[in-house]
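Reviewing the structure listed below.
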Amino acid sequence: MNEEIGLAIIAVGVLFDLLGCIGMVRFPDVYNRLQAGTKCVTLGVCLILIGTIVLSDSTPMQLKALLCVIFILITSPTAAHALARAARRSGIELWEQSVVDQFEQERE
């Protein structure tokens, strides 16, 4: 029973990673691509690691996977924020069909 649940969780994680990669190729600008990449890493990889926790019989492996989940949940959004802020400060503009530019509103 645990094997089927673990494999299903891993399959959903792989699906999220695949959709995130497709989004990174298809989205028009760096900010949308960052969003797609962050979502796929955070959700997809965390689900794969949670599936590994369910499948594993080894407590040390489960603890390592749990620590990796916590690390990814902290660092992935932080890194995406830093990259988006650096891109904005270096002058990379939003896609021309973007609706709202909250950063520009803050400057005024």
Side-chain angles (χ1 to χ4, degrees):
M1 182 68 172
N2 277 349
E3 187 172 335
E4 290 87 12
I5 293 171
L7 290 175
I9 294 170
I10 289 173
V12 171
V14 169
L15 179 67
F16 271 100
D17 279 346
L18 176 66
L19 293 174
C21 290
I22 292 170
M24 288 180 67
V25 171
R26 295 197 37 99
F27 282 159
D29 67 351
V30 68
Y31 305 105
N32 288 322
R33 291 177 182 160
L34 272 171
Q35 185 264 349
T38 303
K39 297 285 184 196
C40 85
V41 166
T42 303
L43 191 55
V45 174
C46 286
L47 284 174
I48 291 170
L49 287 169
I50 290 169
T52 303
I53 291 170
V54 172
L55 282 176
S56 176
D57 294 334
S58 170
T59 303
M61 181 182 285
Q62 291 171 337
L63 289 174
K64 289 175 190 175
L66 182 63
L67 286 173
C68 288
V69 167
I70 293 168
F71 181 76
I72 288 171
L73 286 174
I74 293 170
T75 59
S76 182
T78 306
H81 174 78
L83 286 170
R85 183 175 175 167
R88 187 63 180 172
R89 284 189 170 193
S90 68
I92 298 175
E93 294 296 323
L94 293 173
W95 182 41
E96 62 270 356
Q97 293 182 3
S98 293
V99 178
V100 176
D101 184 3
Q102 292 181 347
F103 184 78
E104 195 62 36
Q105 292 172 355
E106 289 176 6
R107 286 182 153 182
E108 295 173 354

Would you list the pairs meeting side-chain hydrogen bond (donor to acceptor under 3.5 Å, both in side chains) in which at least one residue belongs to residues 44-59, sequence neighbours left out? none
Run through Ile48, Leu49, Ile74, Val45 and flag the one making a side chain to side chain contact (heavy atoms under 4.5 Å, CB included) with Val69. Leu49
Which value, rounded to the nearest 0.5 Å, describes the distance between Met24 atom CE and Leu34 atom CG? 7.5 Å
Sequence neighbours excluded, which residues qualify as side-chain contact (heavy atoms from CB on, under 4.5 Å) partners of Ala87? Val30, Tyr31, Ile92
Linking Ile, Leu, Val, Met, Phe, Trp and Tyr through side-chain heavy atoms less than 4.5 Å apart, which residues share a cluster with Leu67? none
Restricting to non-hydrogen atoms, name the atom on Gly51 and the atom on Ile9 that form the minimum distance, rounded to 0.1 Å. N-CG2, 3.6 Å
Please report the interatomic distance CG(Leu55) to CD1(Ile10), rounded to the nearest 0.5 Å. 4.5 Å
Arg85 side, atom CZ; Ser90 side, atom OG - distance, nearest 0.5 Å: 12.5 Å
Got a sec, which residues hit side-chain contact (heavy atoms from CB on, under 4.5 Å) with Thr75, two or more places apart in sequence or on another chain? Phe71
For Leu66, what residues pass the side-chain contact (heavy atoms from CB on, under 4.5 Å) criterion, not counting sequence neighbours? Ile53, Ile70
Within a radius of less than 6.0 Å around CD of Glu3, do more than 12 heavy atoms belonging to other residues, nucleotides or ligands occur? no
For the hydrophobic clusters of this structure (ILVMFWY residues joined by side-chain heavy atoms under 4.5 Å, transitively), does one cluster hold both Leu7 and Met1? no
Roughly how far, to the nearest 0.5 Å, is CD of Gln62 from CD1 of Ile50? 12.5 Å
What pairs of donor and acceptor atoms, side-chain ones from residues 11-22 against any protein atom, are under 3.5 angstrom apart with sequence neighbours left out?
none

Residues in side-chain contact (heavy atoms from CB on, under 4.5 Å) with Thr38, at least two apart? Thr42, Ser76, Ala80
